[in-house]
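Read through the structure below, which is laid out as structure tokens, and then see the notes.
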Amino acid sequence: MRTNQPTTIRLSEYKVPAHLVDAVDLRFELFDNGARVHSTLTVRRNPESAEEFAPLELDGDSLKLEQVILDGRELMAGNDYDETGAQLVIARVPAQFELTVVTWIEPQNNTRLEGLYKSSGMFCTQCEAEGFRCITYFPDRPDVMARYRTRIEADKASCPVLLSNGNDVDRGDLEGGRHFVTWEDPFPKPSYLFALVAGDLVEKQDTFTTCSGREIDLRIFVEPRNAAKCQHAMDSLKRSMRWDEEVYGREYDLDIFMIVAVDDFNMGAMENKGLNIFNSSCVLASQETATDLAFQRIESIVAHEYFHNWSGNRVTCRDWFQLSLKEGFTVFRDSTFSADMGSPTVKRIEDVTLLRTAQFAEDAGPMAHPVRPASYMEISNFYTLTIYEKGAEVVRMIHTLLGPELFRKGSDLYFERHDGQAVTTDDFVKAMEDASGRDLTQFRLWYDQAGTPVLTVSDVYDSERGVYSLKIQQAIPDTPGQTNKKPQHIPFALGLLGAEGEALPLRLVSTEDAASAPTERVLELTKASHTFEFHGLTQKPVPSLLRHFSAPVRLVYPWSREQLVFLMSHDPDGFNRWDAGQRLAVDVIQSLVDSSGTVDIDSRLVEAYRTLLADRTLDQALVAKMLHLPSEAYLIELADSPDVAAIHRTREQVLSHLATSLRDELVACYHRNMDDGEYEVTPESVARRSLKNTALAWLLMINDNTGRDLALQQLREADNMTDRMGALRALVNSDYAEERSQALADFYEHFQSDPQVVEQWFSVQASSDRAGQLPQIQALLKHPAFDWKNPNKIRSVIGVFAGQNLAAFHNPDGSGYSFLADQVCRLDDSNPQIAARLVAPLTRWKKFAPAYSALMRTALERIRNKAELSADLYEVVHKSLEA
Ligand code: TRP
Ligand code: ZN
């Protein structure tokens, strides 16, 4: 067991840095067996620090220190400086000085993928959050902002391309077949935004003319074999640049913007100044190899990283407690961008699905934390759905409360006031307040209180007075370390529908004129309980509550199934139509689970889906979403003490019942949506493919031979990956065992040289209860294409198994848990960030029915007892066992 526990860092203990760095001059000598890093810092005492004689403290991790020179004088270890494990401390320093530090590092042995490492032969970096300290000694905190000049020296043949942040200002040849390039970044930045890339890369080049007429050089660097897969990312980049000018008034600042694709990467992508580094799977795409989902994901991630140039880089975070300042805001920005590029309703459905399935689960679990956490042990563990997705919802609520014009005034003020600074979430809210004149004091609780608020709504209709009253109560559940929470400020959008589906005027006072009263309002909840009266109603309306999901809350209202069916076909808010369908399906499935399958499947569900399949007037992208039953993960999240096997069985039973009852409609839907035109990624054609592939999946659920033949034909004839994958997935999840193995083998044979496709091939098996039982998962780990050093492969087998193949993972014999514990322990030694993420499904042990939770706990305890537990894994495992 780990003897020294990692320290807890607290927001309340924040102190301004004692020293500031104005300039960093770096020289990298890159070799096969390691790299020498020469760093010269221009340092001065921080006038705002109270500690006048503070020692200079620089962070370092896994460095071999070779030399320290202060103002030209070489310092002696022990005498002049101390090197503890994690810091270089120089006790006596002048008020202003130049410090040179020389370190030796071994990128080729860096499996953590933090700092400088090698991926498929190329050198690359990942410095957020605390990776720069793995490169050289430095005050590695975001409130130390410096100007960087970086000279890279390497072998010219193996590393013809040498990149860093900013503009290249010098280049030339060196002895021994080596060469160098020098880069200069004119914008002061925190160390986490530093980047370096050196390798044998080809580039795709384009230009963008900004709103003020400047021409920006755009380049995407990839390995030669991927040269033809950059067009979509380039187009996405140009759309993002235009959108940020039009919607936020933000123009790009440097003369060049670069993206590099690397295969081994812990996360999706990284917004390093002028040199974004991407996980290959988040940038490379072609019609033959990427699904529609991948195309959309790439567009939104390219946008996300690009938008960080203002929300993150020009204005950055004071400390890591403020992470949501850049991430929540930037997710809000990329989500609005994607909504504008495609279907806003569909984008909202996707965002809310992720939030309700995964963020609500996190908020109800042992790692629950506020959007601005008060403490952490390992910051990498706080790149969470709460920081990103709930953080984006919080910004979205400000947008709803202020309206688009005042919100824009607020963001303009924020960017102008804080340009070049490292600031807090409070500074963001303050700018919104100052620009709008609104008081957001109570609203700030969204940043401090963890847990998902529960809104319980009840209603009465008084026919004599013609008044409909809605009572809305809010309560916020306790979370680790937080009880007795205060009511939050919640924007609550709603409408009321009459018997024919007409939108009724919402008159909050009886004197209000019906003709001018709006049919949708945003009520503002600030107290534990409110009652709102709506006047002049001649009948009890059907309420359409929390439209567009106007706040990240759980909504409890006693819907009848008639009301839900009614809303599914009448609600003018597309999001709530979809939500009504989800609630109906959840209700049907839950009552079957509760009755152990003794009640009949409600025919209203079948008829509602029949209507949907026949509806040709409704947006087909919305229909495609509405046809997806709530996921197992969501059903589990909604249940207390879920019995996973029962939920899985019941959901499959409902699916087969629907497929059997609607068989002819499904075949018709398939044929109607067979595309004969050119492949394009427009909302309409994506919807057609989605409808077609859903129909196919349902037909194969019931082992329909027509469905099987259609799938085989589609697999042979498809000209794009969405259709190939749709057919493969349907076959893999069917009982046609022979066709399944043949299809999987053929597919691999065809695509084995493409890592992104192989990852999809792994996931389709790992997520299937037919092809992804534990012995088959074990076999995938032995497959030649599996690679323990590649996070994407790990995620596509182990992560997908534990996160999506829930019945197999929660096998009542505990084998899934014990398997995951083994893999997590193994990975902790090579890549602790990945290990700590992978363990998440086990940390929810308390939620499950006792038979499951005892076994999950045992698996967690085994991880806790592992020798040399990383700080990353220590924090997650201990918090989940002790919560
Ligand atoms: N800032 C990145 C983003 O755009 C997140 C990120 C990329 C990251 N790589 C990382 C965070 C490594 C922690 C560790 O969201
Ligand atoms: Zn981000």
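Given the structure is predicted, the values throughout are model-derived calculations rather than measurements. As the structure lists them, so they are numbered: ligands from 1, and atoms in each ligand from 1.
- Although no hydrogens or angles enter the test, the distance criterion places a donor-acceptor pair under 3.5 Å between the side chain of S411 and the main chain of R408.
- The side-chain hydrogen bond (donor to acceptor under 3.5 Å, both in side chains) search around R219 returns E203, D217, not counting sequence neighbours.
- On a distance-only criterion, N266 and ligand 1 share no N/O pair closer than 3.5 Å.
- The E271 neighbourhood of ligand 1 comprises atoms 1 (N), 2 (C), 3 (C), 4 (O), with distances under 4.0 Å to a heavy atom of that residue.
- Ligand 1 is approached by A269 to a heavy-atom distance shorter than 4.0 Å.
- A heavy-atom separation below 4.0 Å is not found between E114 and ligand 1.
- Centroid-to-centroid, the aromatic rings of F123 and F28 stay 6.0 Å apart or farther.
- With no hydrogens or angles considered, a side-chain donor-acceptor pair links E327 and H304 at under 3.5 Å.
- Between Q833 and ligand 1, a contact under 3.5 Å exists for no N or O pair.
- The aromatic ring centroids of F329 and F307 lie 6.0 Å or more from each other.
- For an aromatic pair to be called close, the ring centres must be under 6.0 Å apart, and Y14 with F321 fails this.
- Considering each of Y388, Y383, F265, F278, the one bringing a non-hydrogen atom nearest atom 15 (O) of ligand 1 is Y388.
- E327 contributes atom OE1 as its closest N/O/S atom to the Zn ion (ligand 2).
- If you check which protein heavy atom lies closest to atom 1 (N) of ligand 1, you get E128 OE1, 2.5 Å.
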